[in-house]
Q: 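Quick one: the structure is below, and I'll ask about it shortly.
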Amino acid sequence: MDSESGYILTEVWKARPSWIALSLEERQQFFHEKIGPFIMSLVEQGAEFLGCAINDNTGPERMDYRYMAVWKLHDKAFSDRLEVGAKEAGFLDYFEQVNFSGNIIAPDVMNADMIQLDA
């Protein structure tokens with residue numbers, strides 16, 4: 001098997017001081033008015049939410065980010081639209097976020113890439 005179908009986007013983020021400064025009511029309002037509708041629109045367009053997590057890794061390679069979400073999407077263009085939409089919704093005003101995305105591939109394809117990688 002050379003490849004799977006689809007595209008994966010992994011979002012990793014943590015709160016900025018601007019989020020901490022908001023009251024609980026303001027945070028709830030932000031999620032109710034901005035983030036909830038944005039996520040629903042993604043699902044309506046065919047995004048598959050695979051899961052989320054709160055980072056509890058205590059190992060030496062731990063990332064200094066608290067939250068993670070994983071999406072299965074149609075393609076890179078959809079991933080790019082999701083990232084732009086998150087910024088437009090104001091999410092990045094309150095959270096520092098990094099993303100990792102790519103086509104779904106089989107382990108043998110990834111392993112071959114690592115072996116052939118120019119160092």
Q: Mind checking whether I39 and W19 sit in one hydrophobic cluster, side chains of I, L, V, M, F, W, Y counted as touching below 4.5 Å?
A: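 Cluster IDs for I39 and W19 match.
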Q: Roughly how far, to the nearest 0.5 Å, is OG1 of T10 from CG of L50?
A: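 Between atom CG of L50 and atom OG1 of T10 there are 8.5 Å.
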Q: Starting from M68, can I reach V98 by hopping between I/L/V/M/F/W/Y residues whose side chains sit under 4.5 Å apart?
A: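 Yes, same cluster.
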Q: For the hydrophobic clusters of this structure (ILVMFWY residues joined by side-chain heavy atoms under 4.5 Å, transitively), does one cluster hold both V84 and F100?
A: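 No, V84 does not connect to F100 through the hydrophobic network.
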Q: Mind checking the CD1-CE spacing from I115 to M110? Nearest 0.5 Å is all I need.
A: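 Those atoms lie 10.5 Å apart.
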Q: Can you check whether V12 reaches Y67 side chain to side chain, under 4.5 Å on heavy atoms?
A: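 No - every pair of side-chain heavy atoms lies 4.5 Å or more apart.
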Q: Could you check if a side-chain atom of L73 sits within less than 4.5 angstrom of a side-chain atom of L82, using non-hydrogen atoms only?
A: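 Counting from C-beta outward, L73 and L82 do come under 4.5 Å.
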Q: Step by step, would you call R66 with I54 a side-chain contact (heavy atoms from CB on, under 4.5 Å)?
A: CA-CA 6 Å; R66 184 170 176 85; I54 297 174; 4.1 Å; yes
Q: I want to check something: taking the side chain as every heavy atom from C-beta on, are Y7 and I104 in contact at a cut-off of under 4.5 Å?
A: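 Side-chain contact under 4.5 Å: no.
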Q: Locate the shortest heavy-atom distance separating L22 from E26; write the atom from each residue and the value.
A: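 Looking at all heavy atoms of both residues, the closest pair is CA-OE1, 3.3 Å.
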Q: Given the rule in the side-chain contact (heavy atoms from CB on, under 4.5 Å) test, do F38 and F91 qualify, once you have shown the distances and angles that lead to the verdict?
A: CA-CA 10 Å; F38 175 63; F91 192 80; over 6 Å; no
Q: Got a sec, which residues hit side chain to side chain donor-acceptor pair (under 3.5 Å) with Q29, two or more places apart in sequence or on another chain?
A: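 Residues passing side chain to side chain donor-acceptor pair (under 3.5 Å) with Q29: E33.
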Q: Step through it carefully: locate the ring centre of F78, locate the ring centre of W71, and say whether they are under 6.0 Å apart.
A: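 Between F78 and W71, the centre distance exceeds or equals 6.0 Å.
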Q: Sequence neighbours left out, what pairs pass side-chain hydrogen bond (donor to acceptor under 3.5 Å, both in side chains) with at least one residue falling in residues 75-100?
A: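 Sorted pair list: E11-Q97, Y65-E96, K76-D80, E83-N99, Q97-N99.
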Q: Would you say that more than 12 heavy atoms from the other residues, nucleotides or ligands in this model lie under 6.0 Å from the NZ of K14, or not?
A: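 For K14, atom NZ is crowded (more than 12 foreign heavy atoms under 6.0 Å).
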Q: Nearest 0.5 Å, please: how far is CZ in F95 from CZ in R16?
A: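 So the gap between those two atoms works out to 10.0 Å.
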Q: Would a single hydrophobic cluster contain both M114 and V109, if residues Ile, Leu, Val, Met, Phe, Trp and Tyr are joined by side-chain heavy-atom contacts under 4.5 Å?
A: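 Linked within one cluster.
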Q: Under a single-linkage definition using a 4.5 Å side-chain heavy-atom cutoff for Ile, Leu, Val, Met, Phe, Trp and Tyr, are F31 and L92 assigned to the same hydrophobic cluster?
A: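 F31 and L92: one cluster.
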Q: Are the side chain of N55 and the backbone of M63 linked by a donor-acceptor contact shorter than 3.5 Å?
A: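 Yes; judged by distance alone, with no hydrogens or angles, the pair exists.
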Q: Do you know the tightest heavy-atom contact between H32 and P37?
A: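 It is O-CD, 3.3 Å.
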Q: Which atom names give the shortest non-hydrogen contact between F49 and A69, and what distance separates them?
A: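 The answer is CE1-CB, 3.9 Å.
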Q: Any chance you could measure L42, atom CG, to L9, atom CG, to the nearest 0.5 Å?
A: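 Those atoms lie 9.5 Å apart.
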Q: What's the separation between atom CD in E48 and atom CD1 in I8, rounded to the nearest 0.5 Å?
A: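 That separation rounds to 8.5 Å.
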